[in-house]
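Predicted model only: the values in this text are computed from it and were never measured. Excluded from the calculations below are hydrogen atoms, water molecules and symmetry mates; all remaining heavy atoms, backbone and side chain alike, are included.
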Amino acid sequence: MGSCCTPDHSCSSGADGATPAAVADTVTTAYTVSGMSCGHCKAAITAAVGALPGVVSVDVDVDGGLVTVTTGGAPDDAAIAAAVEDAGYEPTGRA
């Protein structure tokens with residue numbers, strides 16, 4: 001069937017025996033950011049924010065001026081804002 005389940009329909013725990021992190025433990029937060037205008041902006045912010053500890057994924061909507069960050073637990077707003085600023089853009093708060 002092509003899934004992560006074992007033949008007895010229980011979930012696989014991975015090769016190292018560790019239980020995978022539960023998806024429910026993630027938090028998705030959207031931030032407004034000004035100064036973005038192109039694909040380079042998207043790449044720069046994705047790299048800067050994606051390198052932060054605890055960040056699971058980053059989605060940048062250049063046209064909408066939004067950066068959506070999924071973290072493993074509560075987001076560190078100050079660290080995310082600093083990463084956006086270091087990349088050369090202006091974070092203006094949560095959406």
Donor-acceptor pairs under 3.5 angstrom involving side-chain atoms of residues 74-85: please list them, not counting sequence neighbours.
residue : atom : partner : partner atom : Å
Asp76   : OD1  : Ala78   : N            : 3.3
Asp76   : OD1  : Ala79   : N            : 3.1
Asp77   : OD1  : Tyr31   : OH           : 2.5
Asp77   : OD1  : Arg94   : NE           : 3.4
Asp77   : OD1  : Arg94   : NH2          : 3.1
Asp77   : OD2  : Arg94   : NE           : 3.2
Asp77   : OD2  : Arg94   : NH2          : 3.0

Donor-acceptor pairs under 3.5 angstrom involving side-chain atoms of residues 58-66: please list them, not counting sequence neighbours.
residue : atom : partner : partner atom : Å
Asp61   : OD1  : Asp63   : N            : 3.4
Asp61   : OD1  : Gly64   : N            : 3.0

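Hydrophobic clustering (ILVMFWY, side-chain heavy atoms < 4.5 Å, transitive): Leu52 and Val56 are in distinct clusters.
Note that CG of Asp25 and OG1 of Thr71 are 10.5 Å apart. Values are rounded to the nearest 0.5 Å.
Among all heavy-atom pairs drawn from Val55 and Gly50, the shortest one is CG1-CA, 4.0 Å. Heavy atoms only, all atoms of each residue included: Ala87 and Ala44 are closest at CB-O, 4.1 Å.
In this structure, the side-chain hydrogen bond (donor to acceptor under 3.5 Å, both in side chains) partners of Thr32, at least two apart in sequence or on a different chain, are Thr92.
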